[in-house]
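Bear in mind the structure is a predicted one, so any value in this text is a computation, not a measurement. Note on naming: letters A, B, ... go to the chains in the order of the sequence lines (proteins, then strands), and numbering restarts at 1 for each one.
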There are 2 protein chains.
Amino acid sequence: MESTTQQCLSLAVSTVVFALRPHPSTGRTTPWLPLVRRIREPYEGLWALPGGPLEDDQDLADSAGATLLRTTGLAPRHLEQLYAFGNVDRSPGERVVSIVYWALVRRDEDARAIDGDNVEWFVADDVHGLAFDHDVIVRYALDRLRAKITYSPIAHAFVTDEFTLAQLREVYEAVLGRALDPANFRRQILAQGAVEPTGRHVTGTSHRPPALYRSNPAHSRHSLTIEETS
Amino acid sequence: MESTTQQCLSLAVSTVVFALRPHPSTGRTTPWLPLVRRIREPYEGLWALPGGPLEDDQDLADSAGATLLRTTGLAPRHLEQLYAFGNVDRSPGERVVSIVYWALVRRDEDARAIDGDNVEWFVADDVHGLAFDHDVIVRYALDRLRAKITYSPIAHAFVTDEFTLAQLREVYEAVLGRALDPANFRRQILAQGAVEPTGRHVTGTSHRPPALYRSNPAHSRHSLTIEETS
DNA sequence: TCAAAAGTGTTATTGATACACCCATGA
DNA sequence: TCATGGGTGTATCAATAACACTTTTGA
């Protein structure tokens, strides 16, 4: 029964946007995310996930995509619903239910990203002290990213159209936080059929020129994903 | 930014409730779910998932639990968020965003379940022609149930406190829809440490008395689950 | 010719699967 | 003693991990 009762709560859509950048101290590639400084109560002055109220004429994923555009200037490459947070006490004052998405930004697009006002990027694992329950949300999104990359080809969303297996491996290593054996990685990726060789090679390297691959669209979609027109 | 804008949409919580019962024709145990007949427009007369508007003072999971109580007379054994559905056009007329949960009912509790008015149970795989986008939701919940049972001890939510491995195996077979090798099933279940022997045995069988087990609470919780006070 | 990363080959280990076989009970 | 499902043993095959080794380039 989806009733017609008028309700005294607001519905917001927020997004955890991940991009891979070098860690400022170690230099190793690691997930980063953009946060927005709150300019009003509650939690004025604190950092929070980018988001906003759901518009009447906007699908949930569209709202998340618009947020991504506003904060990073980019269109979503991978956009997926994470979870709906709606505990009564999660926001002081008004009741707010937040539907949270997570998005992945490609390394080449990330390079030409432009931050909006009051937007700053942080190393995802170091984030804490956020407004609302956003610490928990970021933690959950990171866990999900790390779990999903092991059984789904989402890593492709971080690389350019054509890529070397070393670049793809760097994505896995950045997300999982550990080194992977290049030989076994190559075999596993090729065996699952999610990439196919373009026949072209990178030139100008000081070593054997690596082959270029592209992701195989026939294999890239999993049955358990809800299809949404982004 | 979780803004304070007033919105012209309603927020509902619906629940896909699964119980295992014999299939009316084949006799094999299979997932069933309760549906509610709609008594008003839109979709008047059609079957729909049990649910209702989110109350101001109610957490999301509490709302789903109340729905389960109303339709089956039972308290939730396993209750978990499935997905938030909110496309603009999913409900004619008013904009409705539905946060959908799924619940599992134990076989012993299911036996003493009492249906509410206009509530009827159906074989989950045969359900179609529901109101709104509920066909898609049921399909998605079934997919998730079948996927999750392979890597998480949710099967325990279908059996009594003490159970034989044959009973637990019947749950897996009912959900997955195929027979499992009893010998290998035993080893896999015991190896993952999610069950422990009680030391007691079933008596009165016309064959070797099977041992009774209980689920091991230390192992039963996975890191990727959001903790909710049901 | 040397360094460095691409790419191939080989072996050991682990886990899944299939299935033969013994055990304990009631009828 | 027979039928029935509980429970154990074991061989086979596939996936994973570890690592030695060859290839191709620029410097």
> What's the CD-P distance between B/Glu173 and D/dG5, to the nearest Å?
Replying inline: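 That distance rounds to 13 Å.
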
> What integer distance in Å separates B/Arg208:CZ from D/dG6:P?
Replying inline: 10 Å

Spacing of [atom1] belonging to [X] relative to [atom2] belonging to [Y], to within rounding of 0.5 Å:
X       : Y        : atom1 : atom2 : value
A/Leu33 : A/Asp126 : CG    : CG    : 10.0 Å
B/Tyr83 : B/Gln81  : OH    : CD    : 11.0 Å
A/Phe85 : A/Ile137 : CZ    : CD1   : 4.5 Å

>> Determine whether the aromatic ring centres of residues A/His23 and A/Trp32 are separated by less than 6.0 angstrom.
In response: no

> Just the endpoints, please: which first and last nucleotides of DNA chain C, 5' to 3', lie under 4.0 Å from a heavy atom of chain A?
Replying inline: C/dA3 to C/dT10

> Of the residues in residues 174-191 of chain A, which ones touch DNA chain D at a heavy-atom distance under 4.0 Å?
Replying inline: A/Asp181, A/Ala183, A/Asn184, A/Arg187, A/Gln188

What is the minimum heavy-atom distance between [X] and [Y], and which atoms define it?
X        : Y        : answer
B/Leu168 : B/Phe185 : C-CZ, 3.8 Å
A/Ala141 : A/Val16  : CB-CG1, 3.9 Å
A/Gly27  : A/Pro22  : O-CB, 3.7 Å

>> Quick check on side-chain contact (heavy atoms from CB on, under 4.5 Å): which of B/Asp135, B/Val136, B/Leu46 does B/Leu130 satisfy it with?
In response: B/Asp135

>> For a side-chain contact (heavy atoms from CB on, under 4.5 Å) check, start with the C-alpha distance between A/Val159 and A/Glu170, then their side-chain angles and the critical distance, and finish with the verdict.
In response: CA-CA 10 Å; A/Val159 295; A/Glu170 191 189 4; over 6 Å; no

> Under the side-chain contact (heavy atoms from CB on, under 4.5 Å) criterion, do A/Arg106 and A/Asp161 qualify, and how do the steps go?
Replying inline: CA-CA 10 Å; A/Arg106 281 165 47 150; A/Asp161 284 334; 3.1 Å; yes

>> Just to be sure I understand the geometry, which residues of residues 159-169 of chain A put a non-hydrogen atom under 4.0 Å away from DNA chain C?
In response: A/Ala166, A/Arg169

>> On DNA chain D, does the nearest nucleotide to A/Ser206 precede the nearest nucleotide to B/Pro209 from the 5' side, or the other way round? Give the residue.
In response: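 Mapping each residue to its closest nucleotide by heavy atoms, the 5'-most match is B/Pro209.
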
